[in-house]
**Student:** 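This is the structure I have questions about; it appears just below.
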Amino acid sequence: MKQISVGIAGLGTVAQGVLELLAANRDLIRQRSGVEVNVVRVASRRAKPEVDLLGADFSTNVMDLLSDQRVDVVVELIGGERLAKELIVGATAAGKAVVTANKAVIALHGNDLSQQHLRYEAAVAGAIPIIQALQKGLVGNRFSGLSGIINGTCNYMLSAMEDEGVGFDDILQRAQALGYAEADPTFDVDGIDAAHKLTILMALAFGTGFEFPKVYIEGIRAITPVDIGYAAELGYRIKHLGILRNTAVGIEARVHPALVLQSELVANVNGVLNAVQVVSDAAGKPLFSGPGAGGAATASAVVADIVAWAEGAATSATTTSAVPVLSIEQVSSSYYLRIPSRNEPGVFAEVAQILSSYDISIDAVIQKDGHEQGDLVDIVLLTQEILEARMNQAATELQALASVTGEVMRIRVAPQD
Ligand code: HSE
């Protein structure tokens, strides 16, 4: 029987989830893994006498965990960046292992952190064991891509907008009231949270190191129920995706709303759920789906990391690849375009002429009465794959047409591989 002594930093939802999970399942964990997990100290700015600390000592200073000689593993659950990083660095220097749920610290500072005794399964997609899958279950595979719903708040909001036909602002308020959105909702709705997670997945799947600044980031603020409705008519659902692709010229790393065919598994993962689909040479396209947040779900990943460390498994995110990460202008996608226009003869011809001058082929077209006052139409198109840089030029010309009455809406279509 291996005895592991744990010090927990933080006493929020996830920390409480870890304490509850250990209280409920400690015997089961011991029987399964041969590891006995004992919490010896909990440190948090504010005491919460109502929480059962399982007999652990309590400190109001998280740095006390570093001087507690009994602590083998520091579980960092305080969130934020500066103090969390200091704690992780200090713990490593003190010869302790670290388990963290902190995606921002890993994505932004992972290259400066000693990886050998650091684990962060809980930082990506909550309960889904995607890091163990990439590193262990799928270790024999070469990955050509990965895509997924890695922000539950965005998925909840887009699902609710589709189901109820309501707009972004109303749904954001509800997501906040339900406690789904981060304290600063911009991290969720502007795609930063998803980009942190994608940075970690890229480092693990492609050996790039942690390259957060190279991830293209777009959130969901611009998505309207109108576009969700047109996408549905064309056979698609709009999801906020993190996408990685290993192409002949470099790695695509991007977070943005995307049209996904309704028949794809990932299109049917709704509400706050997360999903990650890996594209691999031997295993094909396994899809992992489950809760991406919440106390118990995230605690499940934290406990798995403690046990994996006790069993001697390291997370290896060493930089092994010199393949460049592409800028978004170098990425090719099919596009959904919605062009609000005057309802006059020749307008569609002008649109088609501009697209054709940039070698952009049209796959599907629908035309609908516009949603503004007057004799207006929405011209809605799906294009074939085209380089983003070329689409940018075409979109500028489309926007400048006298017959175009509003902002041209552009949404990329998810890759089909
Ligand atoms: N705010 C995150 C989400 C929580 O909505 O997915 C987990 O990182």
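Ligands are counted one by one from 1 in listed order, and the atoms in each one are counted from 1 as well. No hydrogens, no waters, no symmetry mates; every other heavy atom, side chains included, goes into these values.
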**Student:** Looking at ligand 1, is there an atom of it that comes within less than 4.0 Å of some heavy atom belonging to Gly126?
**Tutor:**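 In this structure, Gly126 fails to qualify as a contact of ligand 1 - no heavy atom is under 4.0 Å.
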
**Student:** Who passes salt bridge (Lys or Arg N to Asp or Glu O under 4.0 Å) against Arg410, sequence neighbours left out?
**Tutor:**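 In terms of salt bridge (Lys or Arg N to Asp or Glu O under 4.0 Å), with neighbours along the sequence ignored, Arg410 is linked to no residue.
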
**Student:** Could you list which atoms of ligand 1 come closer than 4.0 Å to a heavy atom of Gly152?
**Tutor:**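 It comes down to these atoms of ligand 1: 3 (C), 5 (O), 6 (O).
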
**Student:** Any atoms of ligand 1 less than 4.0 Å from a non-hydrogen atom of Asp188? List them with their elements.
**Tutor:**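 It comes down to these atoms of ligand 1: 1 (N), 2 (C), 3 (C), 5 (O).
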
**Student:** Looking only at N/O atoms, are Lys103 and ligand 1 under 3.5 Å apart anywhere?
**Tutor:**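 For ligand 1, there is an N or O atom that lies under 3.5 Å from one belonging to Lys103.
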
**Student:** Taking side-chain hydrogen bond (donor to acceptor under 3.5 Å, both in side chains) as the criterion, tell me which of Glu121, Arg119, Glu76 meets it with Thr100.
**Tutor:**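 So, applying the side-chain hydrogen bond (donor to acceptor under 3.5 Å, both in side chains) to Thr100 and each of Glu121, Arg119, Glu76, only Glu76 qualifies.
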
**Student:** For ligand 1, is any non-hydrogen atom under 4.0 Å from Val272's backbone (N, CA, C, O), its side chain (CB onward), both, or neither?
**Tutor:**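 Within the 4.0 Å criterion, Val272 makes no contact with ligand 1.
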
**Student:** Salt-bridge test for Glu164 and Arg174: reply yes if a basic N is under 4.0 Å from a carboxylate O, no otherwise.
**Tutor:**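 So Glu164 pairs with Arg174 through a salt bridge.
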
**Student:** Which residue in the set Val302, Val99, Ile4, Ile29 passes side chain to side chain contact (heavy atoms under 4.5 Å, CB included) when paired with Val307?
**Tutor:**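 Of all the options given, the one that passes is Ile29.
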
**Student:** Does Lys2 pair with Asp72 as a salt bridge, N-O distance under 4.0 Å?
**Tutor:**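 The answer is no: the pair does not qualify as a salt bridge.
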
**Student:** Hey, which atoms in ligand 1 end up nearer than 4.0 Å to a heavy atom of Thr153?
**Tutor:**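 Answer, ordered by atom number: 1 (N), 3 (C), 5 (O).
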
**Student:** Going by salt bridge (Lys or Arg N to Asp or Glu O under 4.0 Å), name the residues that satisfy it together with Asp281, two or more places apart in sequence or in a different chain.
**Tutor:**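 Salt bridge (Lys or Arg N to Asp or Glu O under 4.0 Å) list for Asp281, sorted by chain: empty.
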
**Student:** So does Ile251 get a backbone contact from the side chain of Thr247, meaning a donor-acceptor N/O pair under 3.5 Å?
**Tutor:**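 Flag not set: sc Thr247 to bb Ile251 has no pair under 3.5 Å.
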
**Student:** Less than 3.5 Å between some nitrogen or oxygen of Gly292 and one of ligand 1, yes or no?
**Tutor:**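 N/O-N/O distance under 3.5 Å: no.
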
**Student:** Test of understanding: given a 4.0 Å heavy-atom threshold, classify the contact between Asn151 and ligand 1 as side chain, backbone, both, or neither.
**Tutor:**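 Answer for Asn151: both.
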
**Student:** In terms of atom number and element, which parts of ligand 1 are under 4.0 angstrom from non-hydrogen atoms of Ala293?
**Tutor:**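 Listed by number with element: 4 (C), 7 (C).
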
